[in-house]
Amino acid sequence: MTRAILAGLTEFALTALVIGLVILAVLVPLALSQPDPLEVLRLFVLGPFGTIRHMGNILEAATPTMMTGLAATIIFRAGMFNLGVEGSFFLGGLAAAATAVLLPLTGLIATPAAILIGALVGSLACIVPGYLRVRFGASEMVNSLVLNFAFLFAGVYFLNYVLRDPNAGALMSYKLPGDFTLDRLLQGTRLHTGVIIAFVACLLGGIWLYGTRSGLNVRIVGWSPGFASHLGLASSKLLMQAQIAGGLIAGMAGAIEVLGLYSRFSWTGLPGHGWTGITVAILARENPFLVIPAALFLAYLQVGGDMLARNLDVPSEIVGLVTAAIMLAVTAAAIFRHPAFLRLIRDIKGKEAGEEQGA
Amino acid sequence: ADKVLLLVNGALGDKSFFDSANKGIEEIKAKYGDEVETKVLEIGDDPTGWEPALLEVSEQDWDLIIGGTFSLSETLGAVAEQYPDKKYILFDASLPFEGGAYPNVYAVQYKQNEGSYLGGILAAGLLKSGLPADAGTALGFLGGMDIPVINDFLVGYIAGAQSVTPDVKVSVAYAGSFTDAAKGKELGLAQYRSGVALGFIAASQAGLGQAAAAKETGKFVLGVDSDQEAIFAESDPAIASQVVSSVLKNVDVSLVRAYDLYKEGKLPFGSAETVGLAEGAVGIVETGNYEKLASAETKAAIADAKAKIAAGEVVVPTAFGMDTAAINAIRDAVRP
Amino acid sequence: MIEFFSAIADPAVFATVLRVMTPLLLAALGVLISDRAGVLNIGMEGIMLSGALIGVLVSAATANPFLGLFAALIGGGLLGALMAFFINGLGTQFIITGIALNMAALAATTLGLFLATGDKGMSGALKSGVLPNIDIPLLGGVPILGPLLSGHHMLTYLAILAVPAVAIMLARTPFGLHIRAVGSDPKAAAAAGISRNRVQLYALTLSGVLGGAAGAYLSMGYVSWFAQNMTAGRGFIALAAEVMGMGTAWGTFAAAAVLGIAETVAITMQTKGLPSELMQMIPYIVPAVMLTVYAARRQAKARKIS
Amino acid sequence: MSNSPQMAEGPIVSFRGVSKTYPNGTVALTDATFDIRRGSIHAICGENGAGKSTLMKILFGLESPSAGQVLIDGAAVDTATPDFAGKHGIGMVHQHFSLVPILTVTENIILGHEPRRAIFIDRNKAHRQVVELTQRFDLAVDPDARTDTLSVAAQQKVEILKALSRDTRLLILDEPTAVLSPPEIEELFNRLRDLCAAGMTILFISHKLHEVRALAETVTVLRAGKVVGTTPLAEVDDTTITRMVMGRDVDVPRRQRQRTDAPVVLELDNVSTRARDPADRIEDISLSIRADEIVGIAGVDGSGQRGLVGVLSGLMRPASGSIRLDGTDMTRAGTPGWREAGLAYLPADRHARGGTAALSLADNAIAGTDGDKALQWGPFLRRGAIRRRVQQMIADYAVRAGGTGERLDSLSGGNAQKLIAARELAGSPKLLIADQPTRGVDVAAAALLHGRIDLAARDGAAVLLITADLDELLRLADRVLVLFNGKIVADLANHPGLTPAALGPYMLGLETAA
Ligand SMILES: Nc1ncnc2c1ncn2[C@@H]1O[C@H](COP(=O)(O)OP(=O)(O)OP(=O)(O)O)[C@@H](O)[C@H]1O
Ligand SMILES: Nc1ncnc2c1ncn2[C@@H]1O[C@H](COP(=O)(O)OP(=O)(O)OP(=O)(O)O)[C@@H](O)[C@H]1O
Ligand SMILES: [Mg+2]
Ligand SMILES: [Mg+2]
């Protein structure tokens with residue numbers, strides 16, 4: 001057991017090393033063009049840990065992507081490449097804002113009701129392409145991709161014609177009433193209780209996927225439909241359940257984002273946290289537990305890059321380049337399947353296997 | 001030296017709003033030289049990043065922090081409350097200053113409707129005389145999105161045009177994007193095809209797509225925010241020749257003005273001002289093609305309108321505070 | 001229905017459809033080649049964006065739009081090859097590779113534009129050329145057909161010629177056969193001595209070349225400058241077009257044409273005063289509906305046979 | 001053929017100290033050294049994983065050796081270079097089908113060496129080449145058919161044509177008979193003998209000793225990556241070869257049925273299906289199986305076996321007729337209903353239907369046990385109990401595995417099949433369908449699986465055994481039904497006199513004995 005952990009740590013260390021090298025490769029030339037090269041590295045690498053507030057920013061940025069990452073993980077695990085998570089996030093935020101603006105709810109039920117309605121409405125963007133796939137066999141990838149934009153424009157129409165505050169200087173909803181909000185956790189940051197929901201959701205998601213019967217069945221349906229039909233599992237039902245669960249989580253994420261951070265709803269484009277969630281899911285190798293570090297890691301890069309751009313004359317686009325390079329490096333299987341590395345892992349694990357057999 | 005920071009919650013290079021603010025900072029630096037240290041910081045168009053950025057710069061040793069747009073206003077207000085010793089300028093939006101709130105924030109808003117009112121007079125005047133007879137019989141308007149700031153341009157433009165030709169027709173479209181130049185060009189071509197002779201392009205780079213359409217079809221555009229004839233004067237004179245003028249929103253002027261007042265200690269923190277034609281904060285380009293194309297009668301009408309607006313004799317309608325139905329009614333009334 | 005056809009036969013409307021369709025068709029054919037080789041090019045959006053910028057920069061530097069186009073094709077091809085290197089050389093997953101390329105291209109083109117012009121928005125200050133429209137000598141004089149078919153952009157003709165070219169390439173050339181073999185069963189292809197890596201490298205390169213052309217059309221055909229993020233999602237719509245086209249060049253052509261018509265309808269309707277948000281939904285709803293109807297019919301047919 | 005006369009005397013191929021370690025650390029071959037005589041038929045035998053396919057892939061240029069040399073015509077060659085096989089006139093029929101399903105027969109055959117005209121494929125010439133090949137080697141297939149519409153036997157023919165299509169002088173066949181019926185095998189062997197007579201050298205891999213005897217002159221035995229020996233077949237008897245292969249003796253007795261009067265468990269009355277694919281079509285099938293009875297199904301692949309298994313596992317619904325299991329009507333039951341009623345099923349396509357490659361052994365072993373209170377607490381899985389249960393299964397079925405957390409695809413094919421069997425046979429099934437239970441599985445593992453199937457029958461299961469391996473059929477089955485064109489054409493009690501040869505005419509539809 002200890003050796004298995006050791007082997008895992010070796011893989012992790014190698015991942016970290018690769019990421020370090022990539023960051024260096026992109027940043028060093030940049031740093032050298034600056035008056036104080038070391039400051040660039042220090043700011044990017046250590047800056048996000050510099051103050052409580054910056055660490056709060058990391059958590060804040062990771063909150064929505066943890067949940068969309070979890071949603072994408074569940075959907076992908078069921079073998080569907082449904083990209084509706086982005087649309088669900090948008091619709092969830094819109095529906096939560098609509099609840100707050102249009103429904104006369106007050107007190108303790110206000111926020112939960114808005115989150116619930118956000119989740120329900122938001123889930124549509126995942127359910128529709130999922131259903132069209134299960135029922136008609138239409139490609140869920142393409143349908144979800146285009147329908148995300150259709151939902152966006154429908155949402156903007158709703159915002160403009162129903163929720164819009166004519167006295168606001170921009171296309172924005174009326175102010176969300178004060179009862180519809182999530183408590184702030186940390187002075188000086190906008191960290192709110194949503195981050196706790198996100199953490200708990202990922203942990204529950206992991207327990208469900210690996211620790212329950214229905215999680216196992218979904219993994220079987222996702223990996224090998226033939227085996228699932230051999231076992232007599234209700235594949236269509238399980239598939240739809242996963243799309244619904246993913247959609248609900250993504251919609252909830254959008255609702256939490258709007259209630260936690262904003263006093264009005266003003267998205268007129270897709271906010272992008274769903275796309276990031278898809279990246280998070282793939283980085284986390286579709287493991288809900290790993291979604292947490294993966295989302296935190298991307299958020300950390302984001303905060304580090306923002307600090308660079310804010311404090312030095314570094315263009316903010318550099319963050320996009322670094323993130324792209326890191327995504328590729330972390331998923332570059334060739335590095336992790338290199339004979340030398342495999343031999344190392346095998347040596348570490350192999351001794352254990354030997355020990356077990358000996359015992 | 002004073003340290004002045006401009007936060008750009010979008011990106012420079014929009015050829016309009018933020019570029020104009022940036023120009024204001026450059027002018028301040030040029031005017032005051034070593035007395036002032038300036039910096040421009042892009043904080044991106046993702047609202048989640050704005051509050052951290054505002055908090056961070058507020059911790060630093062800037063004397064004056066400048067930020068704009070309605071979207072940023074509430075965040076800026078909240079941060080300003082936490083840093084009472086810092087001074088902030090908010091442009092193109094306001095805050096509820098009633099009861100002494102936000103004593104360290106000065107807000108300035110623009111009457112872009114006044115500028116586009118002049119644009120409307122010019123457009124309708126050119127339609128009467130100044131453009132080739134076969135160019136078309138209607139005016140056009142291309143907005144980036146169906147949102148209040150853009151519609152404020154629209155209602156001023158329509159009102160100005162109606163002051164010249166009461167039954168003027170204006171074809172209205174929105175690109176749904178401020179960057180999709182190809183889409184802007186197609187919408188422009190469609191408008192020109194339907195008889196539009198001149199279109200007002202309040203859509204940033206997407207609007208410039210219509211300028212390319214104007215070049216192809218020999219029709220015209222009215223630019224927005226900065227002198228858009230000048231953008232193409234060197235690189236593509238054929239486009240530049242189709243830009244009759246541009247409606248200006250001189251954020252730069254308002255910022256320089258605010259800084260002058262700040263230096264004199266007269267900037268009214270804790271309150272909001274609205275600047276328009278009178279302050280030179282909005283207007284239209286009156287050089288270049290305008291010179292050549294506009295008839296004396298039109299020029300006179302524009303000069304007259306300027307005077308009347310400044311004197312308060314003419315009140316230009318505004319889209320702020322209008323609900324969607326009211327705006328629809330205006331659009332429907334002028335549809336060709 | 002008759003009204004619809006007579007509207008399409010209006011040369012101006014027909015030309016609109018062709019213009020809207022051209023970048024989609026070029027990009028979708030690129031996606032098609034990659035898809036048939038088993039590596040769907042998710043990075044098409046980024047390749048188009050890069051091609052658009054490269055074309056403008058080179059055309060401005062050399063004062064020759066054809067060199068600009070050439071550079072856009074090369075640049076797109078190199079990006080495709082780079083994707084192949086990552087996917088097969090370093091073992092990254094193709095979806096991640098595409099997403100990363102799109103992300104990097106958006107950042108890099110903005111930076112590149114800034115370095116070249118000192119401006120992050122658009123390249124209006126650069127004097128870059130446009131590629132010409134082509135009048136077909138004899139055809140131009142023919143009534144009805146002449147105005148309909150002659151005088152379009154050179155890349156529009158190129159895109160339409162690319163349809164049979166890609167169809168024939170896939171069906172009739174050794175390379176096409178290798179693409180189909182590798183895309184359908186890489187192990188079997190390997191057993192016949194065909195290297196998956198090599199075929200996918202060439203396929204992605206070719207896909208990138210077509211993407212570069214699609215990008216150049218935006219910045220050197222539609223308008224004469226590059227603007228940040230000017231592709232505005234066309235690379236993703238091209239993916240939809242390719243899937244709607246059922247893996248064939250002619251199907252992809254039909255899908256791109258339908259999307260071009262949908263967008264044209266949306267544009268025309270807007271000038272009639274319908275809410276712009278709802279019109280903007282049309283080009284996205286149409287592919288979803290068509291995809292679903294196709295799939296449902298295919299399913300029904302399969303059921304009837306068995 | 002490019003046989004150079006002056007070289008005609010020496011061995012065509014010599015392996016000299018060839019070793020191969022795969023990147024994941026598997027040592028597949030150690031120091032293999034032997035010769036292959038020109039113009040001979042040379043067999044290679046060995047257990048699963050002995051390294052046979054690896055050695056052949058090296059010779060064909062698909063893998064490169066980690067150490068050692070391959071000599072062709074006495075000269076050392078660089079394998080694993082592009083077009084190595086084409087250059088040296090080597091053709092190979094792979095163990096697993098290596099045809100591209102969406103291509104036509106012609107396209108598959110010319111793939112990799114297409115005749116060209118300018119930049120195009122010369123389709124006329126390609127067509128001519130293929131027709132000529134089919135005539136020269138007397139292997140008839142439709143050159144324009146899409147490969148995935150062909151029967152397995154026809155695909156095998158295409159494989160061979162493809163291997164012969166490039167001036168081949170050395171033909172490698174890796175387990176070519178696994179999917180063929182006896183008459184088809186006999187036909188194949190006749191073709192191979194003709195080829196050999198015409199000067200071709202043939203390398204032939206099989207797990208079946210009688211086939212090796214029928215065809216080859218020389219045999220090389222591999223065990224655990226090492227060459228045990230190379231001998232002329234005439235000089236050794238079967239026990240010796242078996243001992244070489246296994247490292248010990250294995251004896252394979254026929255099954256002894258315990259009870260003949262047990263109650264009928266499964267009954268089919270005039271069951272038919274309507275389907276386009278002949279493999280799914282059955283007509284008027286009536287049969288009954290008692291507890292402790294193993295009914296074997298013989299028949300050329302695609303004669304309706306899939307349809308029969310389909311209606312007995314809920315994957316297909318009969319168009320007419322009725323099915324009863326233990327007295328309960330199951331005619332319209334789906335898979336969950338069948339499983340509930342006590343179906344255990346070893347699927348033929350074990351990669352796609354037997355388990356999930358990327359999941360752990362534990363997950364695979366407990367899949368489908370929904371609601372088992374010992375493994376589950378409410379919706380939650382009891383991981384500790386599961387691990388103990390699966391460790392027990394692994395021990396009982398002698399599965400060679402690292403641990404219960406390993407992925408299923410870390411197991412070799414035979415070990416994976418044992419784990420699948422352990423899962424399916426847990427509990428006491430009422431009906432066991434064993435579809436090709438030991439295809440590609442080595443002798444020891446096959447013996448274990450046979451024992452378990454026998455045990456399940458004794459415990460009261462009705463067993464339907466479908467297999468292309470007639471030895472296995474005759475060893476296990478109490479009764480043999482022959483399927484042809486979806487109908488039962490023979491119903492024969494098994495007795496020591498029944499031989500594979502006797503089944504042949506029924507399988508080809510030449511005789512009936514229902
Ligand atoms: N690509 C591969 N990567 C790693 N190990 C492999 C690979 N292919 C084969 N092996 C391993 O090499 C060993 C030899 O395999 P090989 O396929 O040569 O056996 P074989 O004798 O052909 O067996 P069978 O009778 O099952 O076909 C086995 O242990 C197998 O697990
Ligand atoms: N590409 C590969 N990488 C790693 N291991 C492999 C690879 N291909 C095969 N193996 C391993 O080789 C072993 C045997 O592979 P092989 O395909 O020969 O199976 P097999 O034992 O012949 O079973 P079957 O005939 O049922 O396929 C297995 O352990 C498998 O995991
Ligand atoms: Mg083998
Ligand atoms: Mg095998």
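It should be emphasised that the depicted structure is a prediction, and the values quoted were computed from it without experimental measurement. Both backbone and side-chain heavy atoms feed into the values below; hydrogens, waters and symmetry mates do not. Each chain gets a letter, A, B and so on, in the order its sequence line appears, and its residues count up from 1.
- Looking only at distances, no side-chain donor or acceptor of C/Thr92 sits under 3.5 Å from a matching main-chain atom of C/Thr97.
- Across all non-hydrogen atoms, the minimal contact from C/Ala232 to C/Glu45 is N-OE2, 3.8 Å.
- Nearest approach of C/Leu113 to C/Met122, heavy atoms of both residues: CD2-N, 3.8 Å.
- With hydrogens and angles left out, the side-chain atoms of C/Thr117 and C/Ser123 include no donor and acceptor closer than 3.5 Å.
- Proximity to chain C (any heavy atom under 4.5 Å) is shown, for A/Asn148, by neither the backbone nor the side chain.
- Both the backbone and the side chain of C/Phe236 come within contact range of chain A, each with at least one heavy atom under 4.5 Å from a heavy atom of that chain.
- A donor-acceptor pair is defined here as one N or O able to donate and one able to accept, closer than 3.5 Å; such a pair exists between the side chain of C/Asn102 and the backbone of C/Gly46.
- Residue contact with chain A, scored on non-hydrogen atoms closer than 4.5 Å, involves the side chain of C/Arg298 exclusively.
- Residues meeting the salt bridge (Lys or Arg N to Asp or Glu O under 4.0 Å) test with A/Arg133, sequence neighbours left out: A/Glu140.
- Identified by a heavy-atom distance below 4.5 Å to chain C, the contributing residues of residues 77-86 of chain A are A/Phe81, in residue-number order.
- Of all non-hydrogen atoms in C/Gly30 and C/Ser207, the two that sit nearest each other are O-OG, 2.9 Å.
- Residue A/Leu145 touches chain C through its side chain alone, counting heavy-atom pairs closer than 4.5 Å.
- Heavy atoms of C/Ile42 lying under 4.5 Å from chain A belong exclusively to its side chain.
- In this structure, chain A has no heavy atom under 4.5 Å from any part of C/Ile87.
- Here the OG1 atom belonging to C/Thr22 is positioned 10.0 Å from the CG atom belonging to C/Leu218, to the nearest 0.5 angstrom.
- Pairs of residues two or more places apart, or lying in two chains, never qualify as salt bridge (charged side-chain N to carboxylate O under 4.0 Å, His left out) while including a residue from residues 143-152 of chain A.
- Contact annotation for residues 268-277 of chain A against chain C (heavy-atom separation below 4.5 Å): no residues qualify.
- Here C/Gln228 contributes atom CD and C/Leu53 contributes atom CG; the two are 11.0 Å apart, rounded to the nearest 0.5 Å.
- The two residues C/Ala241 and C/Ala255 have their closest heavy-atom pair at O-CB, 3.4 Å.
- The two residues A/Ala125 and A/Gly87 have their closest heavy-atom pair at CB-C, 3.5 Å.
- No other option in A/Ala325, A/Gly320, A/Ala150 has as many heavy-atom pairs under 4.5 Å with chain C as A/Ala150.
- Of the possible polar contacts, none joining the C/Gln200 side chain to the C/Ala84 backbone as a donor-acceptor pair under 3.5 Å is found.
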